[in-house]
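Below you'll find the structure, written out as structure tokens, and then a few comments.
In each ligand, atom 1 is the first atom listed, and ligand 1 is the first ligand listed. For the single chain, residues carry numbers from 1 onward in sequence order.
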Amino acid sequence: MSTTTRKGAAQRHCNTHLARTMRSLSTDTVEDRSSALFPVGAGSLHSPATSSVEGLRMAQDFAHIPVLLDEVTALFSPVPAGVVVDVTLGGAGHAAALVASRSDLGLLGIDRDPAALEVARLRLAEFGDRAVVHQGRFSEIRDIVSDSMEGRSPWPVIPGISGPAPVVGILADLGVSSPQLDWSERGFSFSKNGPLDMRMDPTHGETASEFLESVDLEDLTEILRENGEGRYARRIARALLAAVPLTTTDEVVAVVDSAVPRGDRRRGHVASRVFQALRIAVNSENIELETLLDSVLDLLAPGGRVAVISYHSGEDALVKHTLRRWAEGDCTCPPAMPCVCGSVSLGTLVGRRSVRASESECERNPRARSARLRCFEANR
Ligand SMILES: C[S@@+](CC[C@H](N)C(=O)[O-])C[C@H]1O[C@@H](n2cnc3c(N)ncnc32)[C@H](O)[C@@H]1O
């Protein structure tokens, strides 16, 4: 299996305050301590420059519970032979199941987190050249795919297909993984003290600590309001800015506690939403998803499918409306009337409703409870 590291484009990060204050995609889910996507063993944080021995230990330490695994595999079972791009590779739970399910599928896995890639690379090694991993942001998917298809970086090799195989699937399993929350050194968790970082790619970009030093009161209030904490957004924003520099997660929790009236100060409740809002801002998650959705249809071969798992109502609403718009071809005719506006459908919704996890899956993996899976099949 090949590994590539994206340089130029990966270093153009779009963490502008404008991007951070755009309409929220994610407002109702907070840090889920029961998350079990990657239950961590005894190991601690592994730096991005992990050695292969450490990497092996990471992979062995991690039990892995990908959400809606059977449902995702089933959704990709009718696609033509070709490459599935998993843009949120994580520990490669979905990715490994997909390549194992069909010998005529290859896999390009993308993740911005070098530590996740380290685990994924080991898990996918058994598939040889059929699986390729790539560090980068999924908003860069067009460049990543074209670089690979044009030979500037590796593209999965599928036995029996000569030349670059077409893209027949795109999977996005949004949000953070459990190790990102569990490793205190990453600074994502309000319940574990660590450096105030929160970057999914800890090798570049502004940390949450630096972000708090550069943002102004209006923007921070808006970010908290739109991405997590509505009620006390302004008072918390004011308290945070009065307290900078803030360098640890415990300091943020203490400031948030001090800004919230005693009666509403249930330990962790408000802090978890503030952490979620900061994480979304630091990683430009809203603009990442919008850019991804703007890019994917141009990449898919006819009959190819895109599937997205979201964990927040805001994200799911964007996915739902985008897929519906593709299916309706931006039709402007009244719903009860035949279409006369000349719009052309780009494909078909696969199922009218989102797919939800079964009760038994939710019992095994509580993180699955908020998951919603939506899928679209391209017709051209
Ligand atoms: C929920 S986990 C995915 C787990 C994966 N499906 C599995 O089975 O192991 C989400 C992953 O997406 C990555 N991620 C989130 N936003 C990203 C982005 N904009 N670009 C690339 N990777 C991203 C995170 O670093 C994390 O590893």
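- Here is the list of ligand 1 atoms found below 4.0 Å of a heavy atom in Pro66: 8 (O).
- Checked against a 3.5 angstrom limit, the closest N/O atoms of Gly93 and ligand 1 fall inside it.
- Counting heavy atoms under 4.0 Å from ligand 1, residue His134 does not touch it at all.
- Under a 4.0 Å criterion applied to the non-hydrogen atoms of Asp113, ligand 1 contributes the atoms 25 (O).
- With a 4.5 Å cut-off on side-chain heavy atoms, Pro261 and Arg235 count as touching.
- Between Leu98 and Thr73, the shortest heavy-atom distance links the atoms CD2-CA, 4.0 Å.
- In this structure, the side chains of Gln135 and Leu117 come closer than 4.5 Å at one or more pairs of heavy atoms.
- Under 4.0 angstrom from ligand 1, the non-hydrogen atoms of Leu174 all belong to its backbone.
- A salt bridge links Glu359 with Arg369; the closest basic N to acidic carboxylate O contact falls under 4.0 Å.
- Side-chain contact check for Leu196 versus Leu212: some heavy-atom pair is nearer than 4.5 Å.
- With a 4.0 Å heavy-atom cut-off, ligand 1 is reached by no atom of Ala95.
- In this structure the side chain of Val176 reaches within 4.5 angstrom of the side chain of Arg279, judged on heavy atoms.
- Annotation: cation-pi pair Arg367/Tyr311 present, NZ/CZ under 6.0 Å from the ring centroid and within 45° of its normal.
- The contact set between ligand 1 and Gly136, taken as ligand atoms under 4.0 Å from a residue heavy atom, comprises 20 (N), 21 (C).
- Listed by number with element, the atoms of ligand 1 under 4.0 angstrom from any heavy atom of Thr88 are 3 (C), 4 (C), 5 (C), 6 (N), 11 (C), 12 (O).
- Salt bridge annotation for Glu118-Arg123: absent, with no cationic side-chain nitrogen under 4.0 angstrom from a carboxylate oxygen.
- Side-chain contact between Met149 and Val83 is absent, with no heavy atoms from C-beta onward closer than 4.5 Å.
- At under 3.5 Å, a nitrogen or oxygen of Phe138, whether backbone or side chain, sits near a nitrogen or oxygen of ligand 1.
- Close contacts between ligand 1 and Arg137 involve ligand atoms 20 (N), 21 (C) [criterion: under 4.0 Å to a heavy atom].
- To the nearest 0.5 Å, atom CG of residue Asp197 and atom CZ of residue Arg186 are 7.0 Å apart.
- When non-hydrogen atoms are compared, ligand 1 lies under 4.0 Å from neither the backbone nor the side chain of Asn283.
- To the nearest 0.5 Å, atom CD of residue Glu290 and atom OG of residue Ser139 are 11.5 Å apart.
- Every residue two or more places apart in sequence or in another chain was checked for a side chain to side chain donor-acceptor pair (under 3.5 Å) with Arg325, and none qualifies.
- When each atom of ligand 1 is checked for a heavy atom of Val176 under 4.0 Å away, the hits are 1 (C).
- For ligand 1, the polar-atom distance check against Gly91 finds a nitrogen or oxygen pair separated by under 3.5 Å.
- Inclusion of Asp86 in the set of residues having an N or O under 3.5 Å from an N or O of ligand 1 is not warranted.
- Looking at Val87 against ligand 1, only its backbone comes within 4.0 Å, counting heavy atoms.
- Looking only at atom types and distance, the side chain of Thr248 has no donor-acceptor partner in the side chain of Asp250 under 3.5 Å away.
- Checked by distance only, ligand 1 and Asp111 come closer than 3.5 Å through their nitrogen or oxygen atoms.
- Within the structure, ligand 1 lacks Ala120 among the residues with a heavy atom less than 4.0 angstrom away.
- Heavy atoms of Gln180 found under 4.0 angstrom from ligand 1 belong exclusively to the side chain.
- The N/O atoms of Arg367, backbone and side chain alike, include none that comes under 3.5 Å of an N/O atom in ligand 1.
- Scanning Met200, Glu285, Gln135, Glu288 for the heavy atom closest to atom 14 (N) of ligand 1 points to Met200.
- With a 4.0 Å heavy-atom cut-off, ligand 1 is reached by the backbone of His94 and by its side chain too.
- The proximity of Arg112 to ligand 1, defined as any non-hydrogen pair under 4.0 Å, involves the side chain as well as the backbone.
- Within the 4.5 Å cutoff, the side chain of Arg305 has heavy atoms near those of the Phe76 side chain.
- Contacts of Leu89 with ligand 1, taken as heavy-atom pairs under 4.0 Å, involve the backbone alone.
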